[in-house]
Amino acid sequence: MPKTPYYLTTPIYYVNDAPHIGHAYTSLACDVLARFKRLDGFDVKFLTGTDEHGQKVEKSAQAKGIDAQAFTDEVSQKFRDLADHMNFSHDDFIRTTEERHKLSCTDLWKRIVDRGDIYLDSYGGWYAIRDEAFYGEGELIDGPDGKKVAPSGAEVEWVEEPSYFFKLSEWGDRLLEFYEKNPDFIAPKSRLNEVVSFVKGGLHDLSVSRTTFNWGIPVPDDDEHIMYVWLDALTNYITALGFPETETGEFATYWPADLHMVGKDILRFHTVYWPAFLMAAGIEPPKRVFAHGWWTNEGEKISKSLGNVIDPIDLVETYGLDQVRYFLLREVPFGNDGDFSRHAMVNRMNGELANDLGNLAQRVLSMVAKNCAAAVPVHGEFTDDDKAMLDQASVLVNGLRKSMDEQAFHEGLETVWKAIRAANGYVDAQAPWTLKKEDPPRMATVLYVLSETIRQIAIVLQPFMPDSMANMLDQLAVSPEHRDFSFLGQGHQLTPGTILPAPQGVFPRFVEADADD
Ligand code: ME8
């Protein structure tokens, strides 16, 4: 049977500045989901990349005194380096300055023009370069110094220039109908109202070209204009599937996307503008957009001016890669805002990774090494307690599947941790160290049940902590070809007598003194 396709994307990040923890967070969530789906038998395409046009990037390049293309080459590379450092498994990395993207945007534009949804006029209104967004007078709020600013706090400037417009005002009802028919399109559910009330408030036509700078993709047949950077950026999701070729190949396989993962700041662009542009071009909108929350640092908004930007690469160097991957998805219910604190990081790392999971594996595997001839123990008949433990482990993936399809990563991890805590409870109740003298065959059975439970746990945790779980599975002599979810069920349990390598700790404790330097 052919595998079911699953296409998911991160936002493409602006290259005006180096990546920080927020960018790492979104991509991490997608990476975990992509890995999960691959292990679960899907044909996954996972896309990330960089958003390189527009006034914000052009200004940053000018401020550095370098040519925009050279500047974007340099910063885009930093996002690739981050992806390598974080062990992200994307299948493609798109840059909007690539030729394939120009072709795709040009084609999409023409399709919208052909259907009559773009017209030429002139724009007079407010623009925030930081958000690359237009704002109506009524949306502006009072800034700290009495000046009007965008709702995001970004400075606005008055722009007056000839512009092409997209007839967004005519799409309100069709968008509302689309949300109604596709109740899973906007997630989490709490975000839906926000979007619906924005649309119900009345949509204005959207300016989709600029003439006062030229760092962008020219409008077809009118190169006085460049396309609005958001129209250009959103199109990346279909460029990467070979658009405008739609009849065969990747577009036919993977579109509509299963999931666009974004931060809450860019919800409107993905759930109002993007589906309207697509419908206007006769293309189906994506299936789902999930908007996650915002990270703060020790209670403060993360910003360059406060000097509290968290570099994810520093975090990884301090705490370890899989520890950071685990923490980011465990600490905060996905969708809510979260606060980074070293204290919370160390607590999770020592409590849940070193103690709960690391100790479980180390206790069991060292007993096996010492008392079972360094091989998978030979078990006897299973008791009800043994069966309950094995059953709990073998159904883990079902609970996880549901959580992952809802992007409830914290909930998925909690499901696994319940099993880990149950396994620790089982060790204490069965006390294999006492059985060692009193009933060695029973000790072997208990250690078998535990080894098999650890195998199941390590397999389902691979998407979250790929290196550490690979290490754990190596220690159980599970071959790399036997690590996907099809090996969780009956008939794939550990084979008694299989020789095991020497055990080693997987999750070191973080020494508190280091945390306070
Ligand atoms: O908006 N907490 O790019 P961008 C959590 N180029 N996530 C954060 C975050 C924080 N403090 N800061 C940033 C753009 N993010 C456009 C996107 S898509 C077609 C174009 C994450 O570089 C979050 O995912 O400003 C947010 O949506 C994204 O970075 C914004 O990245």
Side-chain angles (χ1 to χ4, degrees), residues 8-31 47-58 60 72 75-76 78-79 82-83 86 88 93-97 101 104-105 108 128-133 150 152-154 191 216-217 227-240 257 259-275 277-278 286 289-304 306 308-312 315 328-329 331-340 407 409:
L8 84 167
T9 64
T10 73
I12 48 169
Y13 305 110
Y14 285 128
V15 289
N16 60 306
D17 210 345
H20 65 66
I21 190 173
H23 307 114
Y25 182 56
T26 319
S27 295
L28 169 65
C30 290
D31 181 62
L47 174 70
T48 188
T50 43
D51 186 355
E52 308 192 356
H53 288 132
Q55 217 170 349
K56 169 150 109 169
V57 171
E58 188 183 63
S60 302
T72 60
V75 187
S76 177
K78 293 188 183 162
F79 281 88
L82 172 73
M86 300 281 302
F88 294 154
F93 187 105
I94 189 166
R95 301 184 53 189
T96 53
T97 47
H101 185 61
S104 165
C105 287
L108 185 74
I129 296 178
R130 198 183 85 190
D131 301 346
E132 296 283 20
S152 60
R191 299 265 169 226
I217 296 177
M227 293 182 199
Y228 173 38
V229 67
W230 268 102
L231 174 55
D232 161 345
L234 288 159
T235 306
N236 93 88
Y237 300 131
I238 56 174
T239 302
L259 179 67
H260 291 322
M261 180 72 82
V262 299
K264 63 181 184 181
D265 53 324
I266 55 176
L267 181 65
R268 187 184 294 182
F269 298 96
H270 284 80
T271 56
V272 180
Y273 301 166
W274 182 223
F277 292 153
L278 286 169
V289 176
F290 190 106
H292 67 63
W294 215 240
W295 280 91
T296 50
N297 182 2
E298 309 279 355
E300 298 223 54
K301 186 175 184 294
I302 298 175
S303 88
K304 239 177 118 176
L306 289 174
N308 66 351
V309 173
I310 303 174
D311 178 348
L315 279 190
L328 290 175
L329 293 180
E331 180 67 5
V332 179
F334 199 70
N336 293 5
D337 291 340
D339 184 43
F340 179 84
Q407 290 79 49
F409 300 97

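Please read all numbers here as calculations on a predicted model, not as lab measurements. Whatever order the structure lists them in is the order used to number ligands and atoms, beginning at 1.
Taking both residues in full, the closest heavy atoms of His270 and Pro275 are given as O-CD, 3.2 Å, listed atom of the first, atom of the second, then distance. The two residues Tyr237 and Leu47 make their nearest non-hydrogen contact at CA-CD2, 4.2 Å. For the pair Pro312 and Met86, the tightest heavy-atom approach, listed with the atom from each and the gap, is CB-SD, 4.3 Å. Considering all non-hydrogen atoms of both residues, Leu8 and Cys30 come closest at CD1-O, 3.5 Å. The heavy-atom pair separating Leu315 from Phe340 by the smallest distance is CD2-CZ, 3.5 Å. Smallest separation of non-hydrogen atoms from Val309 and His20: CG1-CB, 3.5 Å.
In terms of polar-atom proximity, Leu234 is not counted as a contact of ligand 1, lacking any N or O under 3.5 Å from an N or O of the ligand. For a threshold of 3.5 Å applied to N or O pairs, the pair formed by Ile12 and ligand 1 contains at least one separation below that value. Taking any N or O of Asp51, backbone or side chain, at least one lies under 3.5 Å from an N or O belonging to ligand 1. Of the polar atoms of Asp265, at least one N or O is found under 3.5 Å from an N or O of ligand 1, judged by distance alone. Ligand 1 has no nitrogen or oxygen under 3.5 angstrom from a nitrogen or oxygen of Tyr13. Every N/O-N/O distance between Trp230 and ligand 1 stays at or above 3.5 Å. Taking only nitrogen or oxygen atoms, main chain and side chain alike, Lys264 does not reach within less than 3.5 Å of ligand 1.
In terms of modelled atom types and a separation under 3.5 Å, the side chain of Arg191 and the main chain of Val289 share no donor-acceptor contact. Side-chain atoms of Asp339 come within 3.5 Å of backbone atoms of Glu298 as a donor-acceptor pair (strictly under, hydrogens ignored). A donor-acceptor distance shorter than 3.5 angstrom exists from the side chain of Asn308 to the backbone of Lys301, with no hydrogens or angles considered.
Assignment of Gly338 to the shell around ligand 1 is not supported, since no heavy atom sits closer than 4.0 Å. In this structure, Trp274 does not count as a contact residue of ligand 1, since none of its heavy atoms falls inside 4.0 Å of the ligand. In this structure, Lys301 has no heavy atom closer than 4.0 Å to ligand 1. Residue contacts with ligand 1 include His20, since one or more of its heavy atoms lies under 4.0 Å from the ligand.
Annotation for ligand 1: atoms under 4.0 Å from non-hydrogen atoms of His23 are 22 (O), 29 (O), 31 (O). Listed by number with element, the atoms of ligand 1 under 4.0 Å from a non-hydrogen atom of His270 are 18 (S), 19 (C). Heavy-atom contacts of Gly293 reach the following atoms of ligand 1: 5 (C) (cutoff under 4.0 Å). In the vicinity of Thr26, heavy-atom distances shorter than 4.0 Å reach the ligand 1 atoms 21 (C), 23 (C), 24 (O). Those atoms of ligand 1 that come under 4.0 Å of a heavy atom in Tyr237, given as number and element, are 18 (S), 19 (C). Set against the non-hydrogen atoms of Ala233, the atoms of ligand 1 under 4.0 Å away are 19 (C). The contact set between ligand 1 and Pro11, taken as ligand atoms under 4.0 Å from a residue heavy atom, comprises 18 (S), 24 (O). Close contacts between ligand 1 and Ile266 involve ligand atoms 1 (O), 17 (C), 27 (O) [criterion: under 4.0 Å to a heavy atom].
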Set out, in order, the CA-CA distance, both residues' side-chain angles and the distance that settles side-chain contact (heavy atoms from CB on, under 4.5 Å) for Thr26 and Tyr13, then state yes or no. CA-CA 10 Å; Thr26 319; Tyr13 305 110; 3.4 Å; yes
Please walk me through it: do Phe334 and Tyr25 pass ring pair (Phe, Tyr, Trp, His ring centres under 6.0 Å)? CA-CA 10 Å; Phe334 199 70; Tyr25 182 56; 5.5 Å; yes
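The proximity of His292 to ligand 1, defined as any non-hydrogen pair under 4.0 Å, is limited to the side chain.
A salt bridge does not link Lys56 with Glu132: every distance from a Lys NZ or Arg NE/NH1/NH2 to an Asp or Glu carboxylate oxygen is 4.0 Å or more.
For His292 and Phe409, the distance between ring centers is not under 6.0 angstrom.
For atom 2 (N) of ligand 1, the closest non-hydrogen atom on the protein side is Trp295 N, 2.9 Å. Of the protein's non-hydrogen atoms, the one nearest atom 8 (C) of ligand 1 is Gly22 CA, 3.3 Å. Atom 25 (O) of ligand 1 has Tyr14 CD1, 3.4 Å as its closest protein atom, hydrogens excluded (heavy atom only).
With rounding to the nearest 0.5 Å, the separation of CZ in Phe88 from CZ in Phe79 is 11.5 Å.
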